[in-house]
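In what follows, a single structure is set out as structure tokens and then discussed.
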Amino acid sequence: MKKMKINKRQQGFSLIELLIVVAIIGIIAAIAVPNLLASKRAANEGSAIASIRTITSAEATYQATAGTGTYGSLANLNTAGLVDSALSGSTIAAPKSGYAFAAAADATNPNAQYLATAATAVASGVSATGSRNFASDSTAVVTYTAASTTAMTSNNGTPIGN
């Protein structure tokens with residue numbers, strides 16, 4: 001009787017095939033991650049613009065009602081129920097969507113002027129939360145400048161497109 005040889009074929013992926021798959025995944029990640037970060041920055045900026053517009057509207061309402069003719073700070077607007085605590089409590093250390101917000105009436109003329117600002121928490125690098133800072137005043141025009149972690153001191157930046 002002749003002995004039959006049993007051929008056990010092992011199936012699986014070779015090392016070369018696995019390396020090719022890993023390389024393809026690496027290339028896809030190298031393309032996708034920067035786009036993801038850019039999308040996040042754009043979303044943070046959109047949120048900051050909407051928040052500045054909310055503050056602008058709240059300041060007008062506050063001046064006409066609870067402020068008895070004067071503009072208020074974010075704390076005043078929060079107390080009056082015009083902005084939420086996430087917006088009024090945002091700082092560089094605890095930002096809202098990557099931005100720190102501030103609003104205050106002009107010390108010399110609180111009846112006529114205020115400045116609301118949004119400063120990016122991280123201005124550069126891979127973890128940048130935005131590429132522009134924003135501001136608005138009683139003219140209700142939202143403007144921007146290049147990002148830094150220091151808030152704008154006036155509303156004479158470039159107006160945003162509506």
Side-chain angles (χ1 to χ4, degrees), residues 22 24-162:
V22 168
I24 291 171
I25 291 172
I27 291 168
I28 292 171
I31 293 169
V33 169
N35 290 336
L36 176 67
L37 295 174
S39 296
K40 186 174 181 185
R41 279 192 301 275
N44 286 345
E45 287 184 4
S47 174
I49 292 168
S51 295
I52 286 291
R53 287 187 173 143
T54 298
I55 293 170
T56 299
S57 179
E59 287 284 7
T61 303
Y62 183 84
Q63 183 196 31
T65 58
T68 60
T70 62
Y71 292 107
S73 66
L74 279 178
N76 297 133
L77 299 176
N78 186 7
T79 302
L82 299 171
V83 297
D84 65 357
S85 59
L87 189 58
S88 66
S90 69
T91 63
I92 291 293
K96 176 189 179 286
S97 296
Y99 277 83
F101 294 90
D106 187 339
T108 58
N109 192 358
N111 294 353
Q113 199 61 264
Y114 73 91
L115 181 66
T117 61
T120 185
V122 181
S124 62
V126 175
S127 61
T129 56
S131 58
R132 300 183 292 175
N133 285 350
F134 302 97
S136 180
D137 59 14
S138 58
T139 63
V141 175
V142 179
T143 62
Y144 71 91
T145 60
S148 70
T149 55
T150 306
M152 294 172 65
T153 57
S154 66
N155 194 31
N156 36 341
T158 306
I160 62 168
N162 289 328

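Just so it is clear, the values below take in all heavy atoms, side chains as well, and ignore hydrogens, waters and symmetry mates. For the single chain, residues carry numbers from 1 onward in sequence order. Worth saying up front: this structure is predicted, and the values here are computed from it rather than measured.
Side chain of N44 to main chain of G130: no donor-acceptor pair is present (N/O by atom type, distance under 3.5 Å, no hydrogens or angles). Within the 3.5 Å criterion, the main-chain N or O of A105 finds no donor-acceptor partner in the side chain of Q113.
Judged by distance alone, the side chains of N155 and T143 do bring a donor and an acceptor atom under 3.5 Å apart.
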query: Checking side-chain contact (heavy atoms from CB on, under 4.5 Å) for the pair S51/F101: CA distance, chi angles, key distance, verdict?
result: CA-CA 8 Å; S51 295; F101 294 90; 3.5 Å; yes
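With Y62 as the partner, the side-chain contact (heavy atoms from CB on, under 4.5 Å) test is satisfied by one option alone out of V83, T79, L77: L77.
Looking at residues two or more places apart in sequence or on another chain, you find a salt bridge (Lys or Arg N to Asp or Glu O under 4.0 Å) between E45 and R132.
Across all non-hydrogen atoms, the minimal contact from R53 to V142 is CG-CG2, 4.0 Å. Between T120 and A147, the closest heavy-atom pair is CG2-CB, 3.6 Å. The minimum heavy-atom distance linking Y71 with N111 is given by the pair CE1-O, 3.8 Å. The two atoms that bring D137 and T56 nearest to each other are O-CG2, 4.4 Å, heavy atoms only.
With rounding to the nearest 0.5 Å, the separation of CG in L87 from OG in S47 is 8.5 Å.
Side-chain contact between Y114 and S136 is present, with heavy atoms from C-beta onward closer than 4.5 Å.
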